[in-house]
Peer 1: 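For reference, the structure I am asking about is given below.
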Amino acid sequence: MVGRRAAQTLLEAIDASLQSGDAGWLPPASGDDGRTVAPIGTHTPLSPNELEERNDLEVGVKIFLAEKPEAAREACRTVSAFLDARQIDSLVINVSPSLTPSYDEIWDALADCVKCGLVKSLGVAGVSGEELTAFTRRAALKPALVEVSSEDLDFAALQELASEHRFTVRLSQDPAAGPLPSKAVEALTEKHAVALSPDWIARYVVFHNARGVILHVGYLCGLNLTSS
């Protein structure tokens, strides 16, 4: 689920969680900063039977909004722990427009997740043109996947860069600023009398390769919640 459907799913789930006061909220992955991590969308971790078929499953994750290395690491650890997946097969970090081009520390933090075996391959979204060229040449760990929007697509230049650095190109329909519109977040803040600040949003997709079906699609969202 992307675009408007994703945004609506996230908003409804956060609204329901704030309304009920629990709705399956998880403790923070790091447990050191008081952040509340809310499971959004599909709330079901991998079942014991699915864990037995782990070699046939592919877990893909895309992280939005993370503007600090610790937020990106937390999102990665939280999804892995929630799914009990041990390893994320493909992780894409969507670079916030406000960070370009100063996101190297975030990339390096996720590269550490690759080194320790938590993530198998790492990709980037939200970077294009000359900045993408500069990034792929300076990054110690090259992206395995680059997501671009149709507006940013310069096919000839991208094909040359992909050939040079051996990454896969995929079109993305996700909004550049992430799945949650700022006006909608402001409306939830006013409705529930809380200061709601998403530190990160992670969308996960679990695909069964042998059966050719998607088993799970869901969201986890790192929220700072303060009574207003």
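In what follows, every heavy atom counts, from backbone to side chain, and hydrogens, waters and symmetry copies are set aside.
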Peer 1: Minimum heavy-atom separation for A72 and I106, please, with both atom names.
Peer 2: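 Between these two residues, the closest heavy atoms are CB-CG2, 3.8 Å.
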
Peer 1: Under a 4.5 Å cut-off applied to non-hydrogen side-chain atoms, are Y103 and E131 in contact?
Peer 2: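 Yes, at least one pair of side-chain atoms sits under 4.5 Å.
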
Peer 1: Has S163 got a side-chain atom pairing as donor or acceptor with Q159's backbone, closer than 3.5 angstrom?
Peer 2: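 Not a single qualifying donor-acceptor pair exists.
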
Peer 1: Considering all heavy atoms of both residues, which atom of V124 and which atom of P143 are nearest to each other, and what is their separation?
Peer 2: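 Result for this residue pair: CG1-CB, 4.2 Å.
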
Peer 1: Can you name the side chain to side chain donor-acceptor pair (under 3.5 Å) partners of D89, sequence neighbours left out?
Peer 2: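 Scan of D89 (side chain to side chain donor-acceptor pair (under 3.5 Å), adjacent residues dropped) gives R54.
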
Peer 1: Can you confirm whether I63 sits close enough to V92 that some side-chain heavy atom of one is under 4.5 Å from a side-chain heavy atom of the other?
Peer 2: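 I63 vs V92: side chains apart.
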
Peer 1: Does the side chain of Y204 reach to within under 4.5 Å of the side chain of I88, using non-hydrogen atoms?
Peer 2: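 Side chain of Y204 against side chain of I88, heavy atoms only: no contact under 4.5 Å found.
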
Peer 1: Under the side chain to side chain donor-acceptor pair (under 3.5 Å) rule, collect the residues that match up with K142, sequence neighbours excluded.
Peer 2: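 With sequence neighbours excluded, K142 shows a side chain to side chain donor-acceptor pair (under 3.5 Å) to no residue whatsoever.
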
Peer 1: Could you tabulate the donor-acceptor pairs under 3.5 Å formed by side-chain atoms of residues 207-214, not counting sequence neighbours?
Peer 2:
residue, atom, partner, partner atom, Å
H208, ND1, A210, N, 3.4
H208, ND1, R211, N, 3.1

Peer 1: Measuring from atom NZ of K115 to atom CG of D108, what distance do you get when rounded to the nearest 0.5 angstrom?
Peer 2: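 The NZ atom of K115 sits 7.5 Å away from the CG atom of D108.
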
Peer 1: Quick one: CG on L145 to OG on S90, what's the gap to the nearest 0.5 Å?
Peer 2: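 Output value for this atom pair is 5.5 Å.
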
Peer 1: How about CD on E160, more than 12 heavy atoms from neighbouring residues, nucleotides or ligands closer than 6.0 Å, or not?
Peer 2: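 No - once you tally the heavy atoms of other residues, nucleotides and ligands closer than 6.0 Å, there are 12 at most.
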
Peer 1: Taking atom CD of E164 as the centre, does the number of heavy atoms from other residues, nucleotides or ligands within less than 6.0 Å exceed 12?
Peer 2: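 Result for CD/E164: enclosed.
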
Peer 1: Counting C-beta onward and ignoring hydrogens, is there a side-chain heavy-atom pair between H165 and V146 closer than 4.5 Å?
Peer 2: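 Side-chain contact under 4.5 Å: no.
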
Peer 1: Could you pull out the closest heavy-atom pair between A202 and V79, with the gap in Å?
Peer 2: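 Reported closest heavy-atom pair: CB-CG2, 3.7 Å.
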
Peer 1: Supply the atom-to-atom distance F167 CZ to L132 CG, rounded to the nearest 0.5 angstrom.
Peer 2: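 If I round to the nearest 0.5 Å, the distance is 5.0 Å.
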
Peer 1: If you measure from SG on C76 to CG on L220, what distance do you get to the nearest 0.5 Å?
Peer 2: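 Between C76 SG and L220 CG, I get 11.5 Å after rounding to 0.5 Å.
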
Peer 1: With the side chain counted from C-beta on, respond yes when H192 and D15 share a heavy-atom pair under 4.5 Å apart, and no when they do not.
Peer 2: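 The answer is yes, as the side chains (C-beta and beyond) meet within the 4.5 Å cut-off.
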
Peer 1: Would you say the side chain of D199 lies within less than 4.5 Å of the side chain of E74, judging by non-hydrogen atoms?
Peer 2: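 In short, these two side chains do not touch, never coming nearer than 4.5 Å.
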
Peer 1: Working to the nearest 0.5 Å, report the span between CG of L118 and CD of Q87.
Peer 2: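 It is 8.0 Å, given to the nearest 0.5 Å.
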
Peer 1: Please find the pair of heavy atoms, one from A111 and one from L122, that lie closest to each other, and give the distance.
Peer 2: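 Looking at all heavy atoms of both residues, the closest pair is N-CD2, 3.8 Å.
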
Peer 1: Could you please spell out the steps behind the side chain to side chain contact (heavy atoms under 4.5 Å, CB included) verdict for R138 and D104?
Peer 2: CA-CA 9 Å; R138 72 175 180 261; D104 288 18; 2.9 Å; yes

Peer 1: Considering all heavy atoms of both residues, which atom of W107 and which atom of L141 are nearest to each other, and what is their separation?
Peer 2: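 Smallest heavy-atom distance, with atoms named: NE1-O, 3.0 Å.
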
Peer 1: In Å, rounded to the nearest 0.5 Å, how long is the span from CZ of F135 to CG of L161?
Peer 2: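 That separation rounds to 11.0 Å.
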
